[in-house]
Amino acid sequence: MPEGPGKGYDVQTVEAKWQAYWDEKGTYEVDEDDPRPAFYDLCMYPYPSGPIHMGHVRNYTLGDVICRHRTMNGYKVLSPMGWDSFGLPAENAAIKEGVHPGVITRQRIAVMKEQIRRLGAVYDWRRELSCCEPDYYRWTQFLFLKLHEAGLAYKAMAPVNWCPSCQTTLANEQAEGGRCERCDTPVEKRDLEQWFFKITDYADQLLDDVDSLEWPERVKTMQRNWIGRSEGVEFAIGVKGRAETIRVFTTRIDTVFGMTYVVLAPEHPLVADLVKGTAREKEVTAFVERVRKTSEIDRMSAEGPLEKRGIDTGAKAINPFNGAEVPIYLADYVLATYGTGAIMAVPGEDERDYEFAMVNELAIIKTTERPEGWTEPIYTGPGTKINSDFFNGMTVDDAKRAGTEWLVERGIGEATVNFRLRDWLISRQRYWGCPIPIVYCPSCGTVPVPEADLPVVLPEDVEFQPSGESPLKSHEAFLNADCPRCGKGAVRETDTMDTFVDSSWYFLRFCDATNENAPFSADKVAHWMPVGQYIGGIEHAILHLMYARFFMKAVADVGLGPKGIREPFANLFTQGMILEGGSKMSKSKGNLVSPAQYFASHGADALRLFHLFMGPPTEDVDWSDRGVDGASRYLARLWRVAITPEELGTVVDRDESDADRLITRGRHALVKKVTDDFDRWTYNTAIAAAMEFTNDLYRYVQSDEGARRATLSDAIDHLLLVLAPMAPHITAELWDRRRGGHIHEESWPAFDAALAQAELVTMIVQVNGKVRDRIEVAAEISEDEMRELAMASAKVQESLDGGDPRKVIVVPPKLVNVVV
RNA sequence: GCCCGGGUGGUGGAACGGUCUACACGGGGGCCUUAAACGCCCUGCCCGAAAGGGUGUGAGGGUUCGAAUCCCUCCCCGGGCACCA
């Protein structure tokens with residue numbers, strides 16, 4: 001492995017020097033009273049897991065390039081960094097190693113911070129925050145109280161994943177495959193009282209506002225699908241011989257005359273009552289038990305829809321439209337948590353119902369005309385209604401309207417909208433998270449902790465149970481509290497908040513990070529927000545980004561945030577993953593490649609440059625370290641050329657030559673190219689252009705009589721300027737040595753578009769679309785001249801063989817195509 | 001199953017409908033050196049000693065003077081969603 005770029009360039013010393021300079025001088029510290037226009041550049045803050053990995057390098061390099069580039073373009077760029085420092089991994093490590101999670105976490109933050117600095121990424125460190133510290137989480141608690149006050153935080157019974165061995169609930173992500181992440185015990189469903197945020201109140205807004213975002217289309221699509229708005233009707237279906245009705249939701253009321261049976265979710269509240277005392281009771285109860293044991297994860301994921309399991313209750317439903325009696329089934333393909341937990345089933349017009357009907361040998365009624373040649377038994381497209389009484393002859397859409405009207409007139413149904421989005425369950429039965437500021441009083445009930453009493457501090461003197469049960473549950477001093485309302489003895493909530501709550505507002509805190517009286521001031525937030533560029537992994541496309549959007553809106557509505565800003569992230573960039581051998585790098589796979597070794601062997605600039613050069617940052621890339629050498633070699637070359645232009649060839653002080661004109665043209669073209677590429681996020685081609693220009697310099701200066709020193713100097717200055725955001729250390733050092741001063745305080749260079757155009761171009765001569773000749777011509781050549789030149793070409797004459805061309809296509813100044 | 005992305009040299013990747021493979025990595029060769037490292041230059045698939053020619057962007061069609069690029073059919077890879085009525 002080569003030791004750095006070589007001759008006269010001491011990578012380690014130079015990089016350390018400039019990193020210290022940026023820190024000490026506070027180059028990237030910004031404030032409200034700075035008159036430059038504001039720009040907020042943010043990378044998703046990391047979970048402090050210890051040493052950084054290549055994904056971090058990619059992320060923070062991109063963020064840093066944006067920050068430095070924007071700054072050179074005259075903006076004051078807010079670029080902060082912090083730590084998503086609550087969470088399960090540190091707590092698990094604590095249980096295993098007997099060290100407090102806070103200790104482990106703070107050590108890891110120190111390591112990570114040092115490595116991020118070593119990368120040369122610059123931040124306004126005065127704004128650093130860590131969400132596990134009381135000066136941050138007291139405001140998370142404050143926001144919880146505000147949401148609670150506004151009715152947006154509530155407690156309710158909910159089915160959760162429960163690990164019987166660890167005695168705790170688990171997040172869905174921690175119970176993948178239906179087994180506990182820690183002990184591999186199968187997870188059960190339990191109903192527990194849990195805290196929720198009422199994100200569903202914002203379902204419509206969250207959906208509508210997606211349109212206004214400059215985000216990757218696929219992320220927007222994922223958000224829309226996750227919200228899953230669907231319009232339909234809810235109506236009551238009578239049960240034969242009983243007073244109760246079953247409410248069902250459907251988006252296809254036009255198919256109601258095809259209703260073949262009704263299905264209830266096994267958890268439906270009416271089930272027990274329906275079968276009580278009937279011959280079916282025993283069998284149905286057994287079925288319900290069986291389904292309950294299957295976790296929701298198994299029911300909803302696996303490889304595609306599971307085989308439809310169901311059972312006849314023996315009860316009959318009555319179709320209100322025609323009085324038809326149909327059987328009532330229970331089936332696990334109907335979810336208790338969506339719509340009303342009950343459906344009307346129409347096998348002729350719904351794939352799932354069809355599948356179920358086949359298994360249970362039920363009749364199929366078609367209610368929509370099939371298109372010519374349609375052979376499938378199910379049809380879900382548009383058409384004309386048939387077998388449908390007063391719908392007959394209507395289109396599907398008209399029948400939907402008529403059906404809804406019919407129900408509304410009789411008072412048994414109405415149009416409704418359903419969402420896939422559920423309220424956000426934020427309770428975690430874990431220690432290492434933000435305590436929920438609530439106490440339970442025997443006489444006053446659930447009482448919020450007064451704002452003046454915040455923070456509710458996580459006690460440090462805790463003993464971690466090998467079982468994983470939260471030590472808060474057995475911590476007397478924490479548990480016992482006085483009721484804020486009546487002063488009598490009360491008990492504290494021991495659940496902590498999902499760490500996604502912490503990350504739902506950290507970008508707001510960055511705007512006003514040291515405020516001791518409020519989570520942030522609305523004015524400061526208004527000054528910086530929305531984030532002008534947010535950069536992070538695609539894996540957060542739904543959860544974090546949805547929650548943060550919800551918070552931004554909620555915070556405005558409870559009177560804390562600026563009213564006009566309802567979306568936190570105006571622009572989002574999702575970077576691709578760094579793979580190793582085709583799969584994601586991870587500790588467990590043992591295929592981590594540490595960035596730290598490259599700091600020592602090649603330096604931060606080379607590593608940054610290589611990451612940017614690998615390919616477009618949206619794409620996943622397989623890691624290969626061969627190219628770091630190449631980046632390093634290029635930087636060494638740049639160093640030699642900039643320090644000693646004679647390296648390039650003959651440097652003279654005399655009149656302008658062709659070489660001078662070519663070099664000047666080249667540098668205008670370079671600046672144009674890099675400027676365009678920065679807008680397109682195609683740093684790979686920007687770097688290629690810089691390399692190409694450097695190669696061209698050698699060519700021009702070595703040919704004929706050499707180039708002027710002044711021309712070269714100007715070219716090298718521009719080369720350094722365009723590379724400055726990407727390779728900040730070497731360009732800063734060279735700039736300082738060549739001209740004095742700080743390159744990152746220079747303006748982004750301008751270019752003259754006319755000068756960037758080449759004088760001479762290669763004209764391609766084709767015969768029948770195949771290249772037959774190349775001729776150097778002036779860029780301003782006329783069509784006629786081109787045609788003449790092309791026809792005069794020996795190659796063309798040969799092909800014509802004395803005849804006349806059928807057609808000649810001329811595209812000035814690049815191409816002539818002769819068709820024979 | 002549905003919805004997105006992608007398939008271009010040995011590799012990463014370039015390419016407003018107009019020279020396919022820029023820029024790199026790796027390989028081969030040469031120069032420099034006492035030698036090596038560094039550096040510099042050439043090369044890049046097939047035929048040919050060369051000049052030159054040919055094939056050629058996952059497959060097959062189409063549009064066009066001209067297609068990696070636009071249209072249709074299909075195959076393969078990656079990702080997301082997955083019983084939401």
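Scope of the values below: all heavy atoms of this structure, side chains included, with no hydrogens, waters or symmetry mates. Please read these numbers as outputs of a predicted model, since none were measured by experiment.
Although no hydrogens or angles enter the test, the distance criterion places no donor-acceptor pair under 3.5 Å between the side chain of T255(A) and the main chain of G258(A). Looking at D350(A), its side chain never comes within 3.5 Å of a backbone N or O of V346(A) through a donor-acceptor pair.
A sub-4.0 Å separation between OP1 or OP2 of A85(B) and a side-chain N or O of Y333(A) is absent. For the OP1/OP2 pair of U55(B) and a distance below 4.0 Å, the side-chain nitrogens and oxygens of K770(A) include at least one atom meeting the criterion. Applying the 4.0 Å criterion to OP1 and OP2 of A85(B), one finds that S230(A) has a side-chain N or O inside that range. Proximity of K795(A) to the phosphate of G53(B): a side-chain N or O atom is located under 4.0 Å from OP1 or OP2.
Between W681(A) and F573(A), the ring-plane angle classifies as parallel under the 30° and 60° cut-offs. By the 30° and 60° cut-offs, the orientation of the rings of Y547(A) relative to W424(A) is parallel.
Nucleic acid contact for G339(A): none, since no nucleic acid atom lies under 4.0 Å from a heavy atom of the residue. Using a 4.0 Å heavy-atom cutoff across all strands shown, R218(A) reaches sugar-phosphate atoms only and no base atom. Contact annotation for R680(A): backbone-only contact, meaning every heavy-atom pair under 4.0 Å involves sugar-phosphate atoms and none involves a base. Across all strands shown, V771(A) has heavy atoms under 4.0 Å from sugar-phosphate atoms exclusively, and none from any base. If you check every strand for non-hydrogen atoms under 4.0 Å, R772(A) touches sugar and phosphate atoms only.
Salt-bridge check for D676(A) with K672(A): passed, with a basic side-chain N closer than 4.0 Å to an acidic carboxylate O. Using a cutoff of 4.0 Å between basic side-chain nitrogens and carboxylate oxygens, D254(A) and K385(A) are scored as salt-bridged. By the 4.0 Å N-to-carboxylate-O rule, E231(A) lies close enough to R229(A) to be salt-bridged with it. Under a 4.0 Å N-O distance rule, the pair E414(A)/R247(A) qualifies as a salt bridge.
Rounded to an integer number of Å, the gap from CG of D773(A) to C1' of G53(B) is 15 Å. The distance between atom CZ of R420(A) and atom C1' of C81(B), rounded to the nearest whole Å, is 7 Å.
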Can you pull every protein N or O that's under 3.5 Å from an N or O on nucleotides 60-67 of chain B?
from	atom 1	to	atom 2	distance (Å)
C65(B)	OP1	K807(A)	NZ	3.3
C65(B)	O2'	N817(A)	ND2	3.4
C65(B)	O2	N817(A)	ND2	2.5

Would you tabulate the pairs of protein nitrogen or oxygen atoms and nucleotide nitrogen or oxygen atoms of nucleotides 11-13 of chain B closer than 3.5 angstrom?
from	atom 1	to	atom 2	distance (Å)
G12(B)	O2'	M614(A)	O	2.8
G13(B)	O3'	N684(A)	ND2	3.4

Restricting to nitrogen or oxygen on both sides, can you table the protein-nucleotides 40-43 of chain B pairs closer than 3.5 Å?
from	atom 1	to	atom 2	distance (Å)
C40(B)	OP1	R637(A)	NE	2.5
C40(B)	OP1	R637(A)	NH2	3.3

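In textbook terms, a nucleotide whose glycosidic angle is within 90° of 0 is syn, and G9(B) is one such case.
Using the Watson-Crick or G-U wobble rule with both distances under 3.5 Å, C38(B) pairs with nothing in any strand shown. Applying the Watson-Crick and G-U wobble criteria (two distances, each under 3.5 Å), G5(B) pairs with C77(B).
With no hydrogens or angles considered, a side-chain donor-acceptor pair links T682(A) and D677(A) at under 3.5 Å.
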